[in-house]
Amino acid sequence: MRIGVPIALQDDLIQIAFIVITIIANHRGLNDAVAVGIVEKVMSFLFLIPSSMLSTVSALGAQNIGAQKPERAIQTLRYAILLAVGFGVLSSVVIQFAAEPIVSLFTDSNAEGGADVIRLGGQYLRGYIWDSIFAGIHFSFSGYFCACGKSGLSFLHNILAIALVRIPGVYLTSQLFPATLLPMGLATAAGSLLSVLICVIAFAVMRRSARKMEIGG
C-alpha cells in the first residue's frame, strides 16, 4: 500500500491534468482543440519508449537492490536514461521537419478547417515533442525510486510539475499567444523539465545518505 497508493494517485492526477489541458485547448476554438487532440495521440505513441524505461528500471532495479547490488540498479538507471534520451533527441529532431505531415495523417487538408488543424497541430507538436526527452529522464528516475520503495518521490515530482508549471504554463501561454500553439507545447515540456530537476536533486540526496551509512557502517 505504501508503494502502490502514491503511484495510483500519481497516474490519476496526471490524467486529470491532461483533461484540464484539453479543456483549455477547447476554449481556444474547434481547430485548436482538434489539433491538440491529434498531437496527444501522437505523443501517447511516442511515450511508449519512456514508459517502458520506467517499467524496466523498476523491475531490474528492485531485483538488484534485493540482491544487495545497488550499484547495478544505478547502472540500469543510467542505461535507461541514455536510451530514452537518445530516442527523445532523435524524435525531436525528426519532428521539427515532419510535424505537419504527421498531423496530416489524421485529418484532410481539403476539408473545412483541415489546413488550420494541420498548421496548429504542427506548432503544438514541435513544442510538445521536447517532452519526450525530459519524460524519458524522469520516467527512468521514477522507476528507480519505486524500486527503492520510495514511490512518494515519484508522486511528488509529478504533482509539483503539474501544479507549478504544466497547467499554469499551458493556461498562461494559451492566453498570451492566441495565434499559435507552439508555446503551449513548450509549457507542457517545461513541466517535465521541473520533474527532471527534482529527480536529480532527490537522487543526489539519496546517494549522499547511502554513502554516509556505508561510512558509518
Side-chain angles (χ1 to χ4, degrees), residues 1-15 17-18 40 42-95 128-162 164-166 188-217:
M1 292 293 289
R2 181 172 59 86
I3 296 173
V5 169
I7 296 174
L9 292 175
Q10 165 192 311
D11 290 344
D12 289 340
L13 291 174
I14 288 174
Q15 294 305 315
F18 283 120
E40 291 290 352
V42 173
M43 292 301 297
S44 295
F45 173 74
L46 293 176
F47 271 20
L48 290 175
I49 299 299
S51 296
S52 67
M53 292 300 103
L54 188 158
S55 302
T56 299
V57 175
S58 179
L60 296 181
Q63 289 176 357
N64 284 292
I65 290 172
Q68 304 301 315
K69 296 181 178 180
E71 292 303 321
R72 290 182 65 179
I74 294 174
Q75 190 176 26
T76 301
L77 170 64
R78 183 181 301 117
Y79 283 126
I81 290 175
L82 290 174
L83 288 169
V85 169
F87 172 78
V89 170
L90 178 62
S91 299
S92 299
V93 172
V94 171
I95 289 298
Y128 196 170
I129 190 61
W130 298 105
D131 196 14
S132 63
I133 300 175
F134 305 131
I137 299 173
H138 74 73
F139 276 24
S140 298
F141 273 114
S142 291
Y144 178 78
F145 295 148
C146 291
C148 295
K150 299 183 181 297
S151 59
L153 290 174
S154 178
F155 172 82
L156 177 65
H157 78 74
N158 275 290
I159 299 311
L160 289 177
I162 290 170
L164 299 180
V165 178
R166 187 165 285 129
T188 303
S192 286
L193 179 58
L194 176 61
S195 283
V196 170
L197 295 176
I198 296 173
C199 286
V200 170
I201 293 172
F203 179 75
V205 171
M206 289 174 60
R207 292 291 291 160
R208 188 177 297 112
S209 299
R211 291 193 185 99
K212 288 181 179 179
M213 290 181 61
E214 291 174 359
I215 293 173

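Small disclaimer: the values here were computed from a predicted structure and weren't measured.
Among residues two or more places apart in sequence or in another chain, the side-chain contact (heavy atoms from CB on, under 4.5 Å) test is passed with C146 by I7, S58, S151. Residues satisfying the side-chain hydrogen bond (donor to acceptor under 3.5 Å, both in side chains) test with R72, not counting sequence neighbours, are N64. Residues passing the side-chain hydrogen bond (donor to acceptor under 3.5 Å, both in side chains) test with S132, sequence neighbours excluded: none. Partners of F155 according to the ring-ring contact (aromatic ring centres under 6.0 Å, His included) rule, which considers only residues two or more places apart in sequence or in another chain, do not exist here. A search for side-chain hydrogen bond (donor to acceptor under 3.5 Å, both in side chains) contacts involving S140 returns nothing, not counting sequence neighbours.
Considering CZ of R166 and CD1 of I14, their distance stands at 7.5 Å, rounded to 0.5 Å. Separating the CZ atom in F47 from the CD atom in E40 is a distance of 8.5 Å, to the nearest 0.5 Å. Here L82 contributes atom CG and L77 contributes atom CG; the two are 9.5 Å apart, rounded to the nearest 0.5 Å. The distance from the CD1 atom of I162 to the CG atom of L194 is 11.0 Å, given to the nearest 0.5 Å. Atom OG of residue S154 and atom OH of residue Y144 lie 14.0 Å apart, to the nearest 0.5 angstrom.
In terms of heavy-atom proximity, V165 sits nearest to G191 at CG1-N, 3.4 Å. Taking each heavy atom of F145 and A202 in turn, the nearest pair found is CZ-CB, 3.9 Å. Heavy atoms only, all atoms of each residue included: S142 and N158 are closest at OG-ND2, 4.2 Å. In terms of heavy-atom proximity, S52 sits nearest to I49 at OG-O, 2.6 Å.
With no hydrogens or angles considered, a side-chain donor-acceptor pair links D131 and S192 at under 3.5 Å.
When the shell of 6.0 Å around OH of Y79 is examined, it contains 12 or fewer heavy atoms from other residues, nucleotides or ligands.
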| Working for side chain to side chain contact (heavy atoms under 4.5 Å, CB included), residues M43 and T188 | CA-CA 12 Å; M43 292 301 297; T188 303; over 6 Å; no
| said: I'd like to know whether L193 forms a side chain to side chain contact (heavy atoms under 4.5 Å, CB included) with W130, so could you lay out the CA-CA distance, the side-chain angles of the two residues, the decisive distance to 0.1 Å, and finally the verdict. | reply: CA-CA 10 Å; L193 179 58; W130 298 105; over 6 Å; no
| said: Would Y128 and V42 count as a side chain to side chain contact (heavy atoms under 4.5 Å, CB included) here? Give the steps. | reply: CA-CA 10 Å; Y128 196 170; V42 173; over 6 Å; no
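At least one side-chain heavy atom of F141 sits under 4.5 Å from a side-chain heavy atom of V200. Considering only heavy atoms from C-beta on, I65 comes within 4.5 Å of C148 through its side chain.
No donor-acceptor pair closer than 3.5 Å links the side chain of T76 to the backbone N or O of V57.
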Run the side-chain donor-acceptor check on residues 84-95: report pairs under 3.5 Å with partners two or more places apart or on a different chain.
from: S91; atom 1: OG; to: F87; atom 2: O; distance (Å): 2.9
from: S92; atom 1: OG; to: G88; atom 2: O; distance (Å): 2.8
from: S92; atom 1: OG; to: I129; atom 2: O; distance (Å): 3.4

